[in-house]
Novice: 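My questions will all concern the structure given below.
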Protein chains: 2
Amino acid sequence: MPDRTQRTVRDLRRGNRSALLRHLYFEGPLSRLELGRDTGLSAGSVSNVVGELIADGLVERAGVADSDGGRPRILLKVAAGYGHLVGVDVGETRVRVGLFDLDLTELAVTEHLLSDGGRDVDHVVRLVADGLRSVTADAGIEPATVLGVGVGVPGIVEQGWDSAVVHAQTIGWDAVPLGRLLRAGTRLPLYIENGAKTLGQAEMWFGAGRGARDAVIALIGSGVGACVVADGKPYRGATSSAGEWGHTTMRVGGRRCRCGARGCLEAYVGAASLLQRWRGAPAGMGEEAALAALSERAGHDQEAAALLDETAEYLGAGIADLVNLFNPERIVLGGWAGLLLGPRLLPAVRTAAAEYALRQPGRHASIELGQLGTDAVTVGAATLPLAHFLDSGGRAPSAAGNSAARTVRWA
Amino acid sequence: MPDRTQRTVRDLRRGNRSALLRHLYFEGPLSRLELGRDTGLSAGSVSNVVGELIADGLVERAGVADSDGGRPRILLKVAAGYGHLVGVDVGETRVRVGLFDLDLTELAVTEHLLSDGGRDVDHVVRLVADGLRSVTADAGIEPATVLGVGVGVPGIVEQGWDSAVVHAQTIGWDAVPLGRLLRAGTRLPLYIENGAKTLGQAEMWFGAGRGARDAVIALIGSGVGACVVADGKPYRGATSSAGEWGHTTMRVGGRRCRCGARGCLEAYVGAASLLQRWRGAPAGMGEEAALAALSERAGHDQEAAALLDETAEYLGAGIADLVNLFNPERIVLGGWAGLLLGPRLLPAVRTAAAEYALRQPGRHASIELGQLGTDAVTVGAATLPLAHFLDSGGRAPSAAGNSAARTVRWA
DNA sequence: ACAGTTTAAATCACGGCTTGAATTAAGGCG
DNA sequence: CGCCTTAATTCAAGCCGTGATTTAAACTGT
């Protein structure tokens with residue numbers, strides 16, 4: 001089937017509304033003249049489209065630029081109060097629900113700890129629905145102003161034509177029709193996506209990935225994964241499971257990984273694996289605290305230092321794989337373990353990556369530390385409905401008449 | 001900068017011309033009614049656009065379907081004789097130039113062997129220009145009917161804004177401004193691309209990849225590389241060097257690769273590496289013949305069999321990396337060594353890939369043998385101008401007034 | 001041979017959109 | 001206040017796709 005993205009003059013207006021909205025959102029405040037120069041639209045078109053966006057309440061004045069003798073420019077911005085967004089982080093240990101305005105300023109947040117690792121699907125679904133009601137009430141907004149709900153989950157999300165189905169091994173979910181289940185609790189548009197991908201999108205929008213077109217967000221936690229962005233768009237693959245970097249082979253026939261294969265990157269650099277192999281691991285300590293202890297001990301303990309040196313080499317080689325295969329301009333190292341170990345390991349990781357990557361792509365790729373912690377899964381999930389809204393030119397889908405989770409679209 | 005792909009009603013017509021042309025090209029012959037059904041265009045629009053394409057000579061009648069009592073459907077197809085395409089394969093051992101019609105039927109071909117491994121850039125450029133003249137004369141066509149020249153080269157091609165620059169280590173080329181050099185010999189639009197990528201495109205268009213949207217063409221020769229296709233488009237990366245699969249790490253600190261790094265897949269499964277490690281390698285035999293001998297000897301020689309078993313495991317793990325990272329629906333194993341060893345190794349490769357790949361993406365990916373030999377680099381190169389032509393809706397760029405190689409666009 | 005029915009394709013009126021040119025708006029300066 | 005400069009708006013024109021209508025081309029029955 002041919003690709004049918006634009007075909008009538010109405011699509012033209014929608015495309016140009018989207019282009020102006022996105023440009024204002026990421027680069028604003030801007031004048032109409034700058035919008036025209038940057039987007040290539042004629043002055044008349046900018047005037048027409050901006051006029052419509054202002055009439056719709058999506059765009060507002062943001063001040064006046066000083067004049068050197070001609071007519072002064074009026075600055076414009078996206079109206080932060082036009083609508084609201086909800087972001088949900090469904091994790092192994094908690095369900096976190098946040099309400100944001102269009103600037104992604106957090107207006108309310110609620111969090112529930114899970115005692116069973118998230119295995120009880122119905123319980124999680126109930127917590128999401130309750131959290132949605134709670135943040136809406138806390139912020140004192142009308143539910144009708146919510147443009148959509150983005151949900152990040154710790155597994156693979158298959159985007160079916162009428163529902164999102166989640167496979168999340170770490171919380172024991174197998175083909176859970178989460179879209180349909182959440183639909184029972186709300187009429188708002190739903191956008192369900194892998195949590196690593198929502199965290200990756202957050203880094204791309206306002207973290208270390210900002211401004212890059214081809215990037216990889218490499219996430220190290222207990223497990224290891226990546227979010228690949230190609231030409232500004234997320235790389236999904238045939239069934240949306242692309243980016244399983246943690247299960248690429250670093251040593252054929254090597255250490256057994258919890259996924260079942262041998263020699264996976266995760267079996268060498270995942271926090272769980274590190275702590276398993278560390279003979280000085282303190283007993284009874286949580287994973288994060290234990291890894292912090294390992295990092296601290298590496299300063300004066302040879303075994304801990306050697307373990308982290310080996311980790312840096314494997315990480316560097318794994319990053320070199322990303323460089324050689326994806327040819328990104330930027331690699332962002334994130335995840336709770338990545339942020340914890342990053343400051344100490346990054347120089348050695350860069351050295352190792354330079355050794356294993358081809359010279360030409362390696363020269364073009366910077367390796368940087370992420371800027372956002374794991375709480376950013378929530379705001380990253382809120383970017384899902386926002387991206388959709390911006391892509392549609394600010395014409396949100398109707399909350400009524402929809403019986404399924406929305407197909408997820410990214411920035 | 002916002003993505004500005006369509007903005008005026010002229011772009012609408014261009015997009016719809018492109019959609020109809022591509023659909024007719026890949027799926028034709030078809031009636032107007034089928035075109036409308038498949039593309040979603042209204043009957044009136046199909047009538048208008050097809051009428052224009054017929055008037056322009058791009059589309060012609062291809063027969064009439066039988067009628068059951070209503071008006072019979074008229075079948076349409078792209079006019080094979082509308083224009084011509086040239087495909088060039090610049091390799092280590094030869095320069096091959098072919099002239100094709102729009103159906104990619106070969107009308108003439110010429111080939112020159114290289115005695116210096118392609119190191120003399122000026123000599124290669126002269127051979128290309130001479131070959132172009134030669135095939136044009138042999139086929140007895142007007143040069144003005146040639147829509148463009150596609151060139152496949154054995155290295156990384158950086159697509160600059162006004163020229164293609166080639167880095168091809170195997171033929172000793174470092175930052176060769178091939179676009180500018182070839183420009184001196186012809187006014188035709190030039191499209192320069194990595195030969196593995198043109199071969200990959202050929203497999204996608206009329207080989208084992210046909211019909212797939214997310215695929216990887218994995219090429220095994222002396223070296224190892226891949227051509228990644230995402231959502232029907234080639235995955236390029238920031239500087240067009242994506243797909244260097246042969247230099248992903250299979251064993252941290254392992255065998256030294258000719259690229260300088262340790263543990264690369266190429267150091268384990270590339271033909272050059274295999275022959276280097278085979279103690280029974282016959283002296284004075286060419287690479288292809290020697291590999292054929294290895295394959296044949298594996299039937300009754302334990303060492304040869306063990307070497308190929310190890311190769312299958314590394315190949316399977318390398319393919320599993322592609323599955324886990326790119327989530328393709330299809331992996332095509334090609335390249336001269338891949339085609340030679342494929343029939344014998346494919347069962348073991350599939351077994352190994354299933355062991356190393358995650359279950360969910362692994363279940364969705366088929367692993368198949370390529371259908372085209374290395375001569376397909378030439379016809380694959382011819383698909384570059386053709387893809388551009390189809391993408392532009394059949395409005396070819398003017399040959400005059402262009403001082404640089406064209407930015408390459410793929411199917 | 002003709003009328004009626006069916007299916008395919010062409011034609012037409014209409015509305016929407018962007019563009020470039022012309023006009024209006026809003027400063028600064030003498 | 002007039003002139004100049006720069007920003008924004010308005011207007012006429014052309015292009016495009018759509019849905020409704022008309023025309024075209026077959027088949028069947030009388």
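Chain A is the first sequence line, chain B the second, and so forth, proteins listed ahead of strands; every chain is numbered from 1.
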Novice: Testing the basics here: between B:Ala238 and A:Glu329, what is the closest heavy-atom pair and its distance to 0.1 Å?
Specialist: CB-N, 3.9 Å

Novice: Take the angle between the ring planes of A:Phe26 and A:Trp205 and call it parallel below 30°, perpendicular above 60°, tilted in between.
Specialist: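 The arrangement is perpendicular - the two ring planes meet at more than 60°.
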
Novice: Atom CZ of A:Arg37 to atom C1' of D:dA7: distance rounded to whole Å?
Specialist: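 So the two atoms are 14 Å apart, to the nearest Å.
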
Novice: Within this structure, what is the CD1-to-P distance between A:Ile74 and C:dA26, rounded to whole angstrom?
Specialist: 8 Å

Novice: Please round to 10 degrees the angle between the axis of the first five pairs and the axis of the last five pairs in the helix from C:dA1-D:dT30 to C:dG30-D:dC1.
Specialist: 30°

Novice: In the 5'-to-3' direction, what one-character label does each nucleotide of nucleotides 14-26 of chain D receive under the scheme B = base within less than 4.0 Å of a protein heavy atom, S = sugar-phosphate only, - = no such atom?
Specialist: -BSSB-----BBB

Novice: Taking the ring of B:His84 and the ring of B:Phe100, is the distance between their centroids below 6.0 Å?
Specialist: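 Aromatic pair excluded; centres sit 6.0 Å or further apart.
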
Novice: Using whole Å, what does the distance between atom C1' of nucleotide C:dT7 and atom CZ of B:Arg32 come to?
Specialist: 14 Å

Novice: Run the salt bridge (charged side-chain N to carboxylate O under 4.0 Å, His left out) test against B:Arg32 and tell me which residues pass, sequence neighbours left out.
Specialist: none

Novice: Taking the six-membered ring for Trp, are A:Tyr235 and B:Phe326 parallel (under 30°), tilted (30 to 60°) or perpendicular (over 60°)?
Specialist: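 Correct class here is perpendicular.
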
Novice: Rounding to an integer number of Å, can you tell me how far A:Leu33 CG sits from C:dA25 P?
Specialist: 19 Å

Novice: Taking NZ, NE, NH1 and NH2 as the nitrogens, is one of them in A:Arg395 or A:Glu52 under 4.0 Å from a carboxylate oxygen of the other?
Specialist: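 Here A:Arg395 pairs with A:Glu52 in a salt bridge, since their nearest N and O are under 4.0 Å apart.
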
Novice: Check this for me, if you would: do A:Asp231 and B:Arg236 make a salt bridge, where the nitrogen-to-carboxylate-oxygen distance has to be below 4.0 angstrom?
Specialist: no

Novice: Return the value, rounded to whole Å, for the distance between atom CZ of B:Arg61 and atom P of C:dA8.
Specialist: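 Computing the B:Arg61:CZ to C:dA8:P distance gives 15 Å.
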
Novice: Do B:Tyr82 and B:Phe389 have ring centroids that are under 6.0 Å from one another?
Specialist: yes

Novice: Take atom CG of A:Asp66 and atom P of D:dT6, then tell me their distance rounded to the nearest Å.
Specialist: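 Whole-Å distance recorded here is 16 Å.
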
